[in-house]
Asker: 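Take a look at the following structure, please.
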Amino acid sequence: MLLGAIEHVERAGGDPRTFFGRIFGEEKNLTTSSIARMNLVLHGVEDFRIEQNDTLREPAFTDTSGALGTFDCVIANPPFSLKKWGREAWQADPWGRAVFGLPPASYGDYAWVQQMVASMAEDTGRMAVVLPQGALFRKGAEGRIRRALLEQDLIEAVIGLAPNIFYGTGLAPAVVTLRRAKLRGRRGRVIVIDASSLFRKGRAQSFLDPAHADQIVEWVRRFRDVENRAKVVSTEDIEREDWTLNISRYVMPPAGEDVPPLPEAVAAFKQALAEARTAEDRLRRVLVADGWLE
């Protein structure tokens, strides 16, 4: 993700050297943190700080007073619904990260969110986090945290992606962006985007190509309704939906053009059912003839 941010700056005509001394990363896995350092060096980034540590239990970046360090831009793709994420440490968290509520022990998603919120700079901070879509609508403690984030007007965009895009999980993810200080025209509102149709299917993995990403970014930047794709909703709209951010509550994709009329669908179903019964009878005869059934 750090390399993606650098490449974005380069594509926009910026100088990646502006990142020197301003890139920070935390990763618990030793191998992954080492690969991150190596990748940055190989891409010409000469000044950065990547720490190998447990972010939720012992964050690495603090200021001179011992308070949690803050940044203009915070990005993460944390493990989905992490169990044993360190809830016991957060019950008396010295960094005060559970300001919106204590996440449940079995789901660490909103621990990551609150770690990132606490890491955003006061005026310029913004963040983007990849979450399982269940985190958009689960109730209980997570529902209360989600409501508090919405009431504080921190959530800016919710983007649903296609399943099987990330290695290691076939779940459909969502990208949620938050901002400390929204632009005036976006205050009290959230754009909900269904981008699940934007992907290129591979043999074992689906891919989000640059053109797909550009389309999503355009929708977010325009911050307007797009038929069957994006809906700008107010905090009051979300409250009426019991504070859920379930994408299908706000955006419904169009029915596919290949959906047949009802009479044709019923006829096709009946034919398939008849063929299945014929195959079942044939299998039964074979099993009886071979002595497997009486």
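Start at 1 with the first residue, then count along the sequence.
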Asker: What closest approach, in Å, do Ala121 and Arg180 show between heavy atoms, and which atom pair accounts for it?
Answerer: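 Residues Ala121 and Arg180, closest heavy atoms: O-CG, 3.1 Å.
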Asker: Do the side chains of Glu58 and Glu26 get nearer than 4.5 Å, heavy atoms only?
Answerer: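 Answer no - side chains too far apart.
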Asker: Atom CD of Glu151 and atom CG of Leu149: how far apart are they, to the nearest 0.5 Å?
Answerer: 10.0 Å
Asker: First locate atom CZ of Phe80, then atom CG of Leu131, and finally report the distance between them rounded to the nearest 0.5 Å.
Answerer: 7.0 Å
Asker: Decide whether Leu2 and Phe20 are clustered together by the hydrophobic rule: side chain heavy atoms of Ile, Leu, Val, Met, Phe, Trp, Tyr closer than 4.5 Å, transitively.
Answerer: yes
Asker: Considering only heavy atoms from C-beta outward, does the side chain of Ile23 approach that of Ile6 to under 4.5 Å?
Answerer: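 Counting from C-beta outward, Ile23 and Ile6 do come under 4.5 Å.
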Asker: Honestly, is Lys83 close enough over Tyr107, meaning NZ or CZ under 6.0 Å from the six-membered ring centre and within 45° of the axis?
Answerer: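 Judged by the rule (NZ or CZ under 6.0 Å from the ring centre, within 45° of its axis), Lys83 counts as positioned above Tyr107.
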Asker: Considering only residues two or more places apart or on different chains, which pairs with a residue in residues 112-125 satisfy salt bridge (Lys or Arg N to Asp or Glu O under 4.0 Å)?
Answerer: none
Asker: Using 0.5 Å steps for rounding, measure from the CD atom of Glu280 to the CZ atom of Arg284.
Answerer: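 Rounded to the nearest 0.5 Å, the CD-CZ separation comes to 5.0 Å.
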Asker: Hey, quick one: are Leu198 and Ile247 part of the same hydrophobic cluster, counting side-chain heavy atoms closer than 4.5 Å, chains of contacts allowed?
Answerer: no
Asker: Would you name the heavy atoms of Ala36 and Ile50 that are closest together and state the gap between them?
Answerer: CB-CG2, 4.3 Å
Asker: Can you spot which of Leu154, Ile75, Asp72, Leu178 makes a side chain to side chain contact (heavy atoms under 4.5 Å, CB included) with Arg126?
Answerer: Asp72
Asker: Flag the pair Ile145 / Val113 as yes when at least one side-chain heavy-atom distance between them is below 4.5 Å, and no otherwise.
Answerer: no
Asker: Please list, chain by chain and in numerical order, all residues satisfying salt bridge (Lys or Arg N to Asp or Glu O under 4.0 Å) with Glu236, sequence neighbours excluded.
Answerer: none
Asker: Considering only heavy atoms from C-beta outward, does the side chain of Asp109 approach that of Val129 to under 4.5 Å?
Answerer: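 Answer no - side chains too far apart.
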Asker: Measure the spacing between OG1 of Thr235 and CD of Gln152 and express it to the nearest 0.5 Å.
Answerer: 11.0 Å
Asker: Decide yes or no on ring-ring contact (aromatic ring centres under 6.0 Å, His included) for Trp85 and Trp112, but give the supporting numbers first.
Answerer: CA-CA 9 Å; Trp85 53 268; Trp112 295 109; 8.8 Å; no
Asker: So, do Arg97 and Val117 sit near enough that their side-chain heavy atoms are less than 4.5 Å apart?
Answerer: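 Counting from C-beta outward, Arg97 and Val117 never come under 4.5 Å.
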Asker: I need the single residue from Lys139, Arg249, Arg138 that forms a salt bridge (Lys or Arg N to Asp or Glu O under 4.0 Å) with Asp242. Which is it?
Answerer: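 The salt bridge (Lys or Arg N to Asp or Glu O under 4.0 Å) with Asp242 is passed solely by Lys139 among Lys139, Arg249, Arg138.
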Asker: So, Ser234 versus Asp237: side-chain donor-acceptor pair below 3.5 Å or not?
Answerer: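 Yes, side-chain donor-acceptor contact under 3.5 Å.
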Asker: Do Val9 and Val45 share a hydrophobic cluster (ILVMFWY, side-chain heavy atoms under 4.5 Å, transitive)?
Answerer: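 Looking at the clustering, Val45 is in the same group as Val9.
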Asker: Less than 4.5 Å apart, side chain to side chain, heavy atoms only: is that true for Pro104 and Glu142?
Answerer: yes
Asker: Output the distance between atom CG (Leu102) and atom CG (Asp93), rounded to the nearest 0.5 Å.
Answerer: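 Answer for the CG-CG pair, Leu102 versus Asp93, is 9.5 Å.
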Asker: Looking at Arg57, I want to see if its CZ is surrounded by more than 12 non-hydrogen atoms of other residues, nucleotides or ligands under 6.0 Å.
Answerer: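 More than 12 heavy atoms, drawn from other residues, nucleotides or ligands, come within 6.0 Å of this atom.
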Asker: Within the 4.5 Å heavy-atom criterion, are Phe199 and Pro163 side-chain neighbours or not?
Answerer: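 No. Closest side-chain heavy atoms not under 4.5 Å.
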Asker: Within the structure provided, determine whether Tyr250 and Thr244 are in side-chain contact (heavy-atom separation under 4.5 Å).
Answerer: yes
Asker: Applying side chain to side chain donor-acceptor pair (under 3.5 Å), can you list everything that pairs with Gln133, at least two apart in sequence or on another chain?
Answerer: none
Asker: Ring-plane angle category for Phe61 and Phe24, please: parallel below 30°, perpendicular beyond 60°, tilted otherwise.
Answerer: perpendicular
Asker: Show which residues join Met38 in its hydrophobic cluster (side-chain heavy-atom contacts under 4.5 Å, direct or indirect), or state none.
Answerer: Leu42
Asker: Tabulate below the donor-acceptor pairs under 3.5 Å that side-chain atoms of residues 187-197 make, not counting sequence neighbours, or state none.
Answerer:
residue	atom	partner	partner atom	Å
Arg187	NE	Lys182	O	3.3
Arg189	NE	Gly185	O	3.2
Arg189	NH2	Gly185	O	2.6
Asp194	OD1	Ser196	N	3.0
Asp194	OD1	Ser196	OG	2.6

Asker: Would you give the length of the straight line joining atom CG of Leu150 to atom CD1 of Ile238, rounded to the nearest 0.5 angstrom?
Answerer: 5.0 Å
Asker: Enumerate the residue pairs fulfilling side-chain hydrogen bond (donor to acceptor under 3.5 Å, both in side chains) with a member in residues 202-215, sequence neighbours excluded, ordered by first and then second residue.
Answerer: Arg200-Asp209
